[in-house]
Amino acid sequence: MKPIYILNGPNLNRLGKREPEIYGTTTLAEVEAWCREAAGERPVEFRQTNSEEKLIDWVHEAIDEGAGIIINPAAFTFTSLALLDALKMFKGPIIEFHISNIHRREPIYHNSYVSMTATTVMAGLGATGYPLAVKALERLIEEQRR
Ligand code: CA2
């Protein structure tokens with residue numbers, strides 16, 4: 001069975017350690033454990049990086065190996081055409097995930113490049129939304145929706 005890729009962008013390694021009023025107190029390690037539990041038998045590649053280059057390399061890896069992608073690109077959501085171009089090459093379903101509701105925030109957080117290619121966008125469920133995204137991705141994989 002092909003793995004799902006859960007990719008997290010810059011600063012999310014600090015999850016649970018700052019701005020708890022927006023992002024909550026859960027750490028990324030806890031999120032990873034929830035995702036693995038939600039995925040059941042499905043292998044999970046759960047990763048975080050502060051580097052745009054690395055994130056794009058991981059999308060390329062997912063293009064070759066992955067059944068689906070959940071990506072929280074953090075600030076790269078609003079800046080990276082290179083990330084958009086990489087995601088466009090992925091044939092399976094993509095869930096763009098944000099902990100906070102980006103549309104309730106400042107206008108700089110409103111224009112997502114990634115949304116132009118995502119199958120689904122989830123935002124505002126908090127960190128507990130990650131395992132829900134895993135369940136949703138499994139259904140999209142079964143339906144082969146892109
Ligand atoms: O809500 C999200 O998940 C975001 O993708 C998080 C990004 C932000 O740029 C997006 O607009 C929305 C990055 C948040 C900054 O990193 C933090 C990590 C941990 C705790 C506080 C901030």
Side-chain angles (χ1 to χ4, degrees), residues 2-40 42-63 65-141 145-146:
K2 283 180 160 187
I4 57 168
Y5 281 71
I6 306 177
L7 304 178
N8 295 281
N11 298 306
L12 288 165
N13 53 319
R14 308 292 299 167
L15 194 66
K17 294 170 189 147
R18 56 171 248 224
E19 298 181 78
E21 64 291 351
I22 302 177
Y23 299 104
T25 54
T26 309
T27 65
L28 205 60
E30 289 170 304
V31 169
E32 178 174 354
W34 293 344
C35 289
R36 290 190 187 283
E37 197 185 328
R42 171 78 66 183
V44 174
E45 293 292 338
F46 189 100
R47 301 182 190 168
Q48 187 278 330
T49 180
N50 296 323
S51 147
E52 184 175 4
E53 184 184 345
K54 212 179 229 182
L55 198 57
I56 290 165
D57 284 344
W58 290 344
V59 171
H60 292 173
E61 187 183 315
I63 290 166
E65 315 279 344
I69 297 176
I70 296 167
I71 185 162
N72 184 346
F76 297 144
T77 310
F78 317 101
T79 62
S80 182
L81 282 170
L83 179 63
L84 171 63
D85 285 344
L87 287 167
K88 275 182 176 171
M89 292 186 260
F90 185 69
K91 298 255 187 318
I94 299 170
I95 297 183
E96 175 187 348
F97 184 90
H98 301 281
I99 297 165
S100 62
N101 178 356
I102 52 175
H103 299 290
R104 239 169 93 169
R105 303 190 51 203
E106 303 92 310
I108 50 163
Y109 295 117
H110 292 178
N111 265 325
S112 165
Y113 285 126
V114 172
S115 294
M116 295 173 77
T117 195
T119 316
T120 304
V121 180
M122 293 175 71
L125 287 164
T128 53
Y130 275 91
L132 300 177
V134 170
K135 295 287 187 195
L137 186 67
E138 193 59 49
R139 192 163 55 79
L140 292 172
I141 292 166
R145 270 213 269 152
R146 168 73 175 97

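In listed order, ligands and their atoms are each counted from 1. Residue numbers run from 1 in the order of the sequence given.
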For Met89, I'd like to know if atom CE has over 12 heavy atoms of other residues, nucleotides or ligands within 6.0 Å. yes
Considering residues, nucleotides and ligands other than Asp57, do more than 12 of their heavy atoms fall under 6.0 Å from its CG? yes
Please list, by chain and number, the protein residues whose heavy atoms come under 4.0 Å of ligand 1. Asn11, Arg14, Leu15, Arg18, Glu19, Tyr23, Asn72, Ala74, Ala75, Phe78, His98, Ile99, Ser100, Ile102, Arg105, Tyr109
Set of salt bridge (Lys or Arg N to Asp or Glu O under 4.0 Å) partners for Arg47, sequence neighbours left out: Glu45, Glu61
Sequence neighbours left out, what passes salt bridge (Lys or Arg N to Asp or Glu O under 4.0 Å) with Glu52? Give chain and number order. none
What ring pair (Phe, Tyr, Trp, His ring centres under 6.0 Å) pairs are there with at least one residue in residues 2-31, not counting sequence neighbours? none
Please work out which of the three classes, parallel, tilted or perpendicular, describes the rings of Phe78 and His98, given edges at 30° and 60°. parallel
